[in-house]
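Just below is one structure, and these are the notes that go with it.
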Amino acid sequence: MPNKRSGGGLSTTQQAAKFLGVSVLAGAVMAGIALPAAGALGLAAKGSVEGFDEIPANLKRPPLSQRTTILDAKGGQLATVYSRDRTVVELKDISPYLQKAIVAIEDSRFYEHGAVDLKGVLRALNKNAQSGGVAEGASTLTQQLVKNVFVEEAGDDPTKVAQAQQQTIGRKVKELKYAIQVEEELGKKKILENYLNITYFGQQAYGAEAGSRRYFSKSAKDLTLPQAALLAGVVQQPTRFDPVNDPAEAIKRRNTVLQRMAEVGDIPQQEADAAKEAPLGLKVSKPKNGCIAAVKGASFFCKYVEREFLASPVFGKTREDRTKIWNQGGLTIRTTLDPQSQASVQASIKEHVYKSDKVATAVTLVEPGTGKILGMGQSKPYGYGRNETEINYSVGNDRGGSNFGFPTGSTFKPFVAAAALEEGRPAIQEYSAPYEMEYPSPVQTCSGNPWTNQEKAKVENESESEKGPYRLRKAMELSVNTYFVQMISDIGLCPVVKMTDALHVRQGNGDKLPEVPAIALGSKGISPLTMASAYAAFASRGMYCTPIAIESITQKINGRQKSLEVPKSTCSRAMSEKTADTVNTLLQGVVDSGTGKEAGLTDGRANAGKTGTTDERKNAWFVGYTPTLSGAVWVGSAMQNVKMTNITIGGVWNELVFGGKVPGPIWKDAMTGALEGKDSGQFNLVPIIEPPVQKPRENGDGDNGDDRGNNNGGATDGNNNGANNNGGNTTFPTPSFSIPEGFIQGNDNGGNNGNGNGDGGNGGFP
């Protein structure tokens, strides 16, 4: 670097040598510190020089923290997140008025001195000695830049920030040495550029660009003279001169800056006087920091992205490393969120469930075969007020969800069916499926220690008319509890656990599912994202893909962009294509003629799904899919304390809530909008040819004729004319205990009971 400075005179190195040689270092240090006694100066100087030589030679300048921008899959902005709201710009993109104003008011001899302004030091020492305190400082812009670097390096640690700003001799000496280095390395223009990008302008705005946009909603390059003077004046005391909270003080300070600009010859006095008469002209843009300010109802998805970043080792070995990158910011994160799907999710939620309702809903859409999360929303908005929450009902506890997830009811039954099919059971598998029975015991587990029903717990179907025998298709359509409990007894618990492991089905708290027969009825809490991702494996013919939310990330550091590696979805085969195709055939029957008829899509779209309603109607679900989109809908109380009977949801009175009634229509509307204009494909269905079911004759003189029952809301086989309804040929012991609360999953269908050996309504809840 040349020996001469742009402003003429000695180089910074020569100035520093002269400065140290004549012991003015003590004065430079003490210029911003009150002197308790004149005699202390010599000792302070001696100690300061010794410390000066021991300071490391190079100042480590960390990249300036900036705002992070989170985008949807099409590039639309969802949110900005930052620890410091800052956008780094080049000096040419900052108004010359602001450049001159800052220099005039903070360091008018900036272009004439080196790292330290000797005249300023002597002037400050004199004034401070006269006042007995700190009447005037002598820090140059370069020294202020160094101090701000220390503050930036301290991050959000209040103790480190205080240390970086403390008025001590040691800190001042350190600041001085690094200021000399910075002068040598950067030169005046680069120092000014760095200063204008790092300094705090109040109202959570760091740097000239953020400050300009905060107060005037415009870029820093477009600032007028009065606006530039106002910004420059704020820097000294951002709280005192805040134009938003104290306009009068801000105007006085602005006019002081304008007068100083005229005094140093930056502007004519006439121009300064005219600018003093100008109004503040504020056009304040309120800070929109964080996911709480996300648009498109994407606040919870935004927080999910943040938590994914902080949890993924792709972004750093430790959480501390990842947090440092996140807080440093400058990231542009393109996510998987599809704007069409998200808009449809939000519209469906708004139509069906109000945020003021006693219960809430959560909806998640996932793309089969890729794991991309395309939509995520809920009826309780992100926030801290009434009818708001910080809990993301769509995800597990480790990503900001509820502690345990929500019991899934009969939406778990397809996992049991898939496990049985993988074990070689036919699609026409038949069980006696009585109305009521004890849990079969013993049942084999993976550990080899069989589960036993020591409490003689019972399971029953929703309606007494639901008694077998049933085959798989009809049992799935009607959601027959006893059928699937018998299926687990037949194949054992281990195949079911292996299937759910392959589908990454875990409880909301991350624990594995327990090896108990009650899991067939969805007794354990699971998140909607987990359910949507698991059902997506059926849609993709048995391939499970882990959910992902991030497509790509770029980071801007020191004006240069670099791409970061991002987590990828991992796809693996969870079941055979034949098993998946068979499940698709079974679940298509649910929306065609079973408990999910109200959820079925129109316009010839292939779709399949399953309803679920838990004990006491505290949770209702619909999980369904097309070949290209999978979605899960949960409705209930996050605290699990609302029984959904005689309840108004979304302005509609419901005597009984069940999976096909409230969640089903939410799913239908969300999916319909998300798929509009898109080809959703077709399933590879398999023929399931069933011989007639032979109903056992009951005792008495019942009629086993072919009369049809009155079918108003679904169908179940009825045989109610016998004198003794023994529920079919079952060998299970006579039940003597009621099932524990939380075990029963009601059927998802309504209608009238049939008469004779025909198809009658169920009367249960869908």
Side-chain angles (χ1 to χ4, degrees), residues 410 413 416-417 428-440 453 456-490 517-518 520-521 589-590 593-595 611 613 615 658 690-739 743-766:
S410 291
K413 289 172 180 173
V416 179
I428 59 171
Q429 178 68 45
E430 181 178 310
Y431 296 109
S432 60
Y435 160 66
E436 183 184 65
M437 58 181 282
E438 285 187 7
Y439 277 95
N453 187 5
K456 304 296 183 181
K458 290 181 179 180
V459 59
E460 63 183 25
N461 299 325
E462 173 60 22
S463 171
E464 292 186 14
S465 66
E466 284 183 350
K467 53 181 180 290
Y470 288 118
R471 293 201 177 98
L472 180 54
R473 185 202 291 266
K474 183 63 69 174
M476 186 69 78
E477 290 177 4
L478 301 180
S479 200
V480 180
N481 293 334
T482 56
Y483 179 94
F484 288 94
V485 168
Q486 287 183 312
M487 178 170 272
I488 277 190
S489 175
D490 179 13
L521 310 181
V590 173
S593 57
T595 60
T611 55
T613 315
D615 187 32
F658 41 87
E690 301 182 12
V693 174
Q694 297 298 316
K695 283 283 188 178
R697 177 179 290 274
E698 297 186 358
N699 296 332
D701 54 356
D703 181 6
N704 288 325
D706 291 329
D707 295 336
R708 287 295 191 188
N710 185 16
N711 180 10
N712 290 328
T716 186
D717 294 322
N719 189 14
N720 300 325
N721 284 336
N724 182 19
N725 292 338
N726 59 20
N729 296 327
T730 178
T731 59
F732 299 110
T734 302
S736 58
F737 286 89
S738 297
I739 182 172
F743 277 25
I744 294 179
Q745 158 62 46
N747 289 320
D748 296 341
N749 190 42
N752 297 325
N753 290 337
N755 219 5
N757 188 18
D759 294 326
N762 178 9
F765 43 110

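Quick caveat, the model's predicted, so the values are computed rather than measured. Just so it is clear, the values below take in all heavy atoms, side chains as well, and ignore hydrogens, waters and symmetry mates.
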Is there side-chain contact between [X] and [Y], with at least one heavy-atom pair below 4.5 Å?
{"X": "Q429", "Y": "D490", "result": "yes"}
{"X": "P517", "Y": "Q486", "result": "no"}
{"X": "V459", "Y": "E436", "result": "no"}
{"X": "S410", "Y": "T595", "result": "no"}

Spacing of [X] atom [atom1] and [Y] atom [atom2] [to the nearest 0.5 Å]:
{"X": "R473", "Y": "S593", "atom1": "CZ", "atom2": "OG", "result": "8.0 Å"}
{"X": "S432", "Y": "K467", "atom1": "OG", "atom2": "NZ", "result": "12.5 Å"}
{"X": "R471", "Y": "E690", "atom1": "CZ", "atom2": "CD", "result": "6.0 Å"}

Is N481 reaching over with its side chain to a backbone N or O of E460, donor-acceptor style, under 3.5 angstrom? yes
Measure from the ring center of Y483 to the ring center of Y431 and say whether it is less than 6.0 Å.
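Yes, ring centres under 6.0 Å apart.
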Which of T611, L521, V590 passes side-chain contact (heavy atoms from CB on, under 4.5 Å) with K413? Answer is L521
Exercise. Per the side-chain contact (heavy atoms from CB on, under 4.5 Å) rule, which among T482, N453, V485 passes with P440?
Worked result: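 For P440, the side-chain contact (heavy atoms from CB on, under 4.5 Å) check succeeds only for V485.
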Looking at [X] and [Y], what are the two nearest heavy atoms and their distance?
{"X": "A520", "Y": "F484", "result": "CB-O, 4.1 Å"}
{"X": "A417", "Y": "M487", "result": "CA-SD, 4.0 Å"}
{"X": "I428", "Y": "P691", "result": "CD1-CD, 4.3 Å"}
{"X": "Y470", "Y": "S465", "result": "OH-O, 4.1 Å"}

Short N-O contact, K458 and E438, less than 4.0 angstrom | no
Carefully, step by step, assess I488 and Y439 under the rule side chain to side chain contact (heavy atoms under 4.5 Å, CB included). CA-CA 10 Å; I488 277 190; Y439 277 95; over 6 Å; no
